[in-house]
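This one's a predicted model, so the numbers in the text were calculated from it and none came from an experiment. In what follows, chains are A, B, ... by sequence order, proteins preceding strands, each numbered from 1.
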Amino acid sequence: MRRLPRGGRVDRTRPLSFWLDGTRYTGFAGDTVASALLGAGVDVIGASVSAGRPRGIMASGFEEPTGFAQVVETGVSEPLVRLSAVRLVDGMRLEGGPRIAKGYLQDGMDPARFDKRHAHVDVLVIGAGPAGMAAAASAAAAGVEVMLIDAAGEPGGALVRDGEAAVAQELQSALGAVRFLPHCTALMLLDGNGIIAMQRDVDAPTQGRMWQVRARAIVHATGMLERPVVFADNDRPGVMLASAARDALERYAVAPERGTVFTTTDDGYRTALAWHAAGVEVAAIVDPRPPGSGALRHRAELAGLRIIDRAVVEGTDGDAQSRLSAIRVRSRDGRVRVATDLLAVCGGWEPNLNLHLHLRGATRYDAWWCAAVPDRPLPGQSIAGGANGRGDTASCLEEGVRAAREALGTCGVPVVEVGVPAVPAVIEDEPAQLWRVPAADGDESRSFVDLHRDATVAGVQRAAGSGLTHIEHIKRYTLIGTGIEQGRSARVNAGVLAAALLDQPVAQVGTSGSRPPVEPVAFHALAGRAHGAMFEPVRRTSLHARHEALGATFEPAGQWLRPTCYPRPFEGATAAIRRECRAVRTDAGIADVSTLGKIDVQGPDATWFLEQLYVNAIGTIPVGKGRYSLMCRMDGAILDDGLVLRLAEQRYLVTTSTSHAAAVVDWMEEWLQTEWPTRRVWVTPVTEQWATVAIAGPNARAVLQQVMPGVDASREGFPFLGVRRTEIAGVCEALVARVSFSGELAFEVSVPWDLAHVVWDRAVGAGATPYGLEALQSLRIEKGYIIVGQDTEGTTTPHDAGLGWLVGRGKACIGQRSWQRPAMRAADRPQLVGIAPWDGTEEIPEGAALTRRVHAPPMALEGHVTSFRWSETLGRSLGLALVRGGRARMGETLYAPLDGGVAAVSIVDPVHYDPAGARRDG
Amino acid sequence: MVDPALLAMMQSASGAAATLEPVAVRPGLTLRARGAGVQQLARALGVSLMPETNHVQRLADGALLCGLRPDEWACLGDGPEAAGLREAVGADGAVVDTSASRVAFVLAGPGAREVLSSCCALDVRPHLFGVGRCAQTLLGRVGVFLLPLATDRYLIVCRPSHADYVVRWLTDGMQSVR
């Protein structure tokens, strides 16, 4: 094709350079990449995916099967970009070749910038053609909030292409308060009258905005899609949809030297007439129908254009590059060959119902269009214009007004009459029922149904011959419709072809479905801004700055960041962890445990409620004391562990593990709201009301005295599991509990979230050594204390975890009945044990398998290592494990096959250190 | 007490379209009541009726009384003492001091709604979500409490540990609305 010296909507004063596969071309401002390529005479962009046949631009909308390339900007590379959807930018680089169907992702940081918007409107109109604009203007006139979106940069739809730009102008001026989103494609219809749409920045393929719009009423004015006819060698560059050829001419002044048209409807004549009007030679119009009385045909006759009636194109010839050079026409008078460089094909029009079909909107077969039309719209929605099977402009305008009326009815707003432009109706002859022309030589392997997937008539014949009878099976066998454009230009032709082969009615075979998204969406568009620090919330405690000042390294614990250890200058992490462990065992340490979940539970039924949730007795906890306990799911497996601190007769503070804080609140609320709604229990999450530090070690008492001198920390005055509501004089209220996760004498001090630094500074000033998560792990493993979710699995019961002693006798609780089942009491259940490697310096990764034999199959799995650390206190490494029937296997040797060899371990008691608990009193 | 780095982010993102600044909502109480407790609580607060869920009432001394669910309210700002309310509601409810567990920001300006629409799916059009309304919703992936203080002026309340994430999303949205 070529650029005409005049016409089009491009700015010829602003030439722009671009490159395709290293060759430089020139287009104009206002061009799409597709029109610039065509205008520069580039018919061949690349090669098809499997046959390697040359491919070019075929369509101008999202039905395009072949016009794709990798677009490389400075530092950005975007695969599979539809070239008719992207505006030409100076210096743009394209990679064609195999890239029309196979792109690639670039390595490294992605500089793309996509964001999101949520919008709520009264009426959403999808498609800004005549029907959509009439609907939007009519709805807006009634005073409702209207959003109008369109994939093009301006409203108008097919009007400009079809020589009705004046109508478009008039409608556009009536849009008034309508909010118009240009370059915005509706990708998917959502339940509850919503859509997701992608608004691209046409000047930058790697920028855009994803919209989620909710509307009280939705109007589908998505227009119609043109389909091609299948014949031999119909895939040559130079064979194009008639509408795309007209777009190229009217918008971009790009036209062939000598055009031909093959049309089964009157619409194809528009392309020939437009060429003729622009001074482009029209070599022939091939029409399978007998001469009719249609207005467009009449105009073509008056213009003296050569019309070959009752004729079909049965093949094409190509030049050295396989581009179109001539068409072979068969008519009742015989066969003729017509030289041409562009064949505009119109095989009929069908409603674009992709969105309607996403929610299984009803359709029926329409014989006039030879395609599916909507049977009825979905609730709260209307379908207008071409999408409703009303293709001509006059009908579209009428339909738009009707749809607006329906939408206003949905919104409960009275209709305000508005005028729409008067457009004379055009008389058209009935379309021909023609989808395919059999190859003259019987070889159907060059008659392409799906150009994106290189699927041919021969392939459909093979599918039918193989016994496939359902269109969705044929789709998967032939790959028709599995490309990124979902075979928009191939679906109906495939369905009709299959119907003929299966000897079934077209309406019964139908077409393969449509599914979201309507157009491919890049992953970085889906992600939007949710990457880096905005991907996942990173939660920090109020002591974070203190930890940083001490040189702490951090690790994630769920969403929280917690200190791993506090290495001093020139001290390695290992040395730091060991030093921190020694400090807790021999002096005093301080740890930030603010991330533990805290829940305030109060009310007259609070005790009763907690009795149901926890496995041990709650009512017997005296006020001012606490108890360690477990809660189980209904299947008897451990849900979480924590402390139940009784603050008053009817008030408790319970703690949860860090990762289960939200789940435990939900669990409590679920029971209260669904099973016990009349119980007077009030559950309030207070995790971030109270910051908590643990002061642990034989000298913890002395440190606590420095932190809060008013508290009697003596052995008698503050017994193990005691809870004191007190205050830090002149600062704030405080809650102190004598509980321990290390086996040492320890106090957990809780103060309002933002005042934790007072406790921290005083304790550190009193000589307490900050210790991190690694030391905490090592210390608790020495004592055999579990972390739920690490040392337990989804099936571990309290008995399996060695905590059966907690379970209250003769007491009902959630999960209790499940424990009575035989399988829950089987002797070979995985049970928590300690493991001690034979070689005390061994490092066994958590999760390592434990087997009884090695190097001699079968190596049956006996269990796995759940926790493993170096014990500074005992001078050797040790761990915890879940082992089948483990408690009866003390002393037995198991093997952990590792990458570098095999580690032998002995099964031991999980309490590795201080089994008598002598150290907890200091 | 907001992290200086967050403060700097808020200041540099603030402009003609929207501004973001921290605001204190202390003290803060979580109020629970059912049955007779509701009326007792209302009397103690000096209101004729407790606000419905997602509705806000301003108390005489300035505090915002916000309906969070049929039996839960938040009382934000200077208002009645917790002890008095606790006594009034008795066994038919609970009063928990949650002052330290919230931080709040005010997002204001003609672009405030669009900033919210970049990270929050809630329909905040003034005729549906005007002064006197409130909502618990998601901002990005975290729960926030949102209420309009005036036209184009929103109070956004979140947990202290989510402040960093919330400010990042809001300031990022502000940069796209300028």
Side-chain angles (χ1 to χ4, degrees), chain A residues 113 115-122 145 194 209 211-212 214 528-530 532-542 544-545 559-561 594-595 598 600-606 650-651 662 673 677-678 680-691 732-733 751-756, chain B residues 1 3-4 26 28-35 37 69 71-72 86 89-103 113-125 127-129 139-143 158-166 168-169 171-173 175-177:
Chain A
R113 194 190 193 285
D115 63 6
K116 291 189 181 166
R117 287 290 186 270
H118 296 269
H120 304 265
V121 295
D122 296 318
E145 215 174 328
R209 176 165 289 173
W211 288 84
Q212 187 161 338
R214 296 275 167 193
R529 303 296 297 153
M534 290 164 67
F535 176 62
E536 171 98 7
V538 177
R539 303 171 70 181
R540 296 174 178 84
T541 71
S542 58
H544 193 81
Q559 291 179 333
W560 291 99
L561 267 190
S594 301
T595 61
K598 286 154 287 234
D600 182 298
V601 181
Q602 57 177 298
D605 294 322
Q650 297 184 356
R651 186 172 187 186
Q673 292 180 24
T678 59
R680 290 182 298 173
V681 186
W682 317 100
V683 172
T684 311
V686 288
T687 300
E688 292 191 44
Q689 170 66 22
W690 298 103
C732 60
E733 57 176 333
V751 292
W753 187 258
D754 48 347
L755 295 171
Chain B
M1 196 190 64
D3 184 70
R26 295 191 148 200
L29 300 175
T30 298
L31 313 176
R32 303 291 302 276
R34 277 204 309 262
R69 52 173 160 158
D71 64 358
E72 181 176 350
R86 207 168 277 140
V89 77
D92 291 313
V95 177
V96 181
D97 184 354
T98 45
S99 301
S101 64
R102 295 187 189 88
V103 293
R113 261 170 65 195
E114 193 186 341
V115 172
L116 277 178
S117 80
S118 72
C119 52
C120 176
L122 193 72
D123 188 352
V124 295
R125 286 179 291 168
H127 66 279
L128 296 169
F129 194 68
L139 192 152
R141 296 175 54 181
V142 305
C158 68
R159 292 179 177 184
S161 66
H162 285 150
D164 178 86
Y165 178 84
V166 165
R168 276 176 199 277
W169 270 97
T171 52
D172 187 77
Q175 273 149 9
S176 69
V177 174

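Of all the listed residues (B/G93, B/G173, B/G35), the one sharing the greatest number of non-hydrogen pairs under 4.5 Å with chain A is B/G93. Of the listed residues B/L116, B/V124, B/D92, the one with more heavy-atom pairs under 4.5 angstrom with chain A than any other is B/D92. When B/G28, B/G140, B/C120 are compared by the number of non-hydrogen pairs under 4.5 Å with chain A, B/C120 comes out ahead. Ranked by heavy-atom pairs shorter than 4.5 Å toward chain A, the options B/D97, B/D71, B/V142 are led by B/D97. Between chain A and the options B/A91, B/S99, B/C119, the largest number of non-hydrogen pairs under 4.5 Å is found for B/A91.
Within the 4.5 angstrom heavy-atom criterion, only backbone atoms of A/T678 (N, CA, C, O) approach chain B. Contacts between B/R34 and chain A at a heavy-atom distance below 4.5 Å involve backbone atoms as well as side-chain atoms. Heavy-atom distances place no part of B/V115 under 4.5 Å from chain A, backbone and side chain included. Using a 4.5 Å cut-off between heavy atoms, A/E536 contacts chain B through both its backbone and its side chain. In this structure, chain A has no heavy atom under 4.5 Å from any part of B/L128. Heavy atoms closer than 4.5 Å to chain B are found in the side chain of A/W560, but not in its backbone. Heavy atoms of B/A33 lying under 4.5 Å from chain A belong exclusively to its backbone. At a 4.5 Å heavy-atom cutoff, the contact between B/R141 and chain A is made by side-chain atoms alone. Only the side chain of B/D164 has a heavy atom closer than 4.5 Å to any heavy atom of chain A. The part of A/V538 that comes within reach of chain B is its backbone (N, CA, C, O), which places non-hydrogen atoms under 4.5 angstrom from that chain. Looking at B/T30, only its side chain comes within 4.5 Å of chain A, counting heavy atoms on both sides. For a residue to count as touching a neighbouring chain, one of its non-hydrogen atoms must lie under 4.5 Å from one of that chain's; by this rule B/E72 does not touch chain A.
Separation of atoms CZ (B/R32) and CZ (A/R680) is listed at 14.0 Å; rounding is to 0.5 Å. Atom OG of B/S117 sits about 7.5 Å away from atom NE2 of A/H118, to the nearest 0.5 Å. Here the CG atom belonging to B/L31 is positioned 9.5 Å from the OG1 atom belonging to A/T684, to the nearest 0.5 angstrom.
Summarising the geometry of A/V683 relative to B/R69, their closest heavy-atom pair is O-NH2, 4.4 Å, with the distance given to 0.1 Å.
By the salt bridge (Lys or Arg N to Asp or Glu O under 4.0 Å) test, B/D172 is found to be paired with A/R113, A/R529, residues two or more places apart in sequence or in another chain being considered. Residues satisfying the side-chain contact (heavy atoms from CB on, under 4.5 Å) test with A/R214, not counting sequence neighbours, are A/H120, A/L190, A/Q212.
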Run A/D754 and B/R26 through salt bridge (Lys or Arg N to Asp or Glu O under 4.0 Å) and show every step you take. CA-CA 12 Å; A/D754 48 347; B/R26 295 191 148 200; 2.9 Å; yes
Before you tell me yes or no, could you show the steps for A/D115 and B/Q175 under side-chain contact (heavy atoms from CB on, under 4.5 Å), namely the whole-Å CA-CA distance, both residues' side-chain angles and the distance that decides it to 0.1 Å? CA-CA 11 Å; A/D115 63 6; B/Q175 273 149 9; over 6 Å; no
Any chance you could lay out the salt bridge (Lys or Arg N to Asp or Glu O under 4.0 Å) test for A/E688 and B/R102, step after step, and finish with the verdict? CA-CA 8 Å; A/E688 292 191 44; B/R102 295 187 189 88; over 6 Å; no
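Of the possible polar contacts, one joining the B/W169 side chain to the A/M534 backbone as a donor-acceptor pair under 3.5 Å is found. Panel note: side chain A/R539, backbone B/Y165; no donor-acceptor pair is recorded below 3.5 Å.
Between A/R209 and B/S118, the side chains place no donor N or O within less than 3.5 Å of an acceptor N or O (distance only, hydrogens not considered).
Residues B/V96 and A/Q689 form no side-chain contact, since every pair of their non-hydrogen atoms from C-beta on lies 4.5 Å or further apart.
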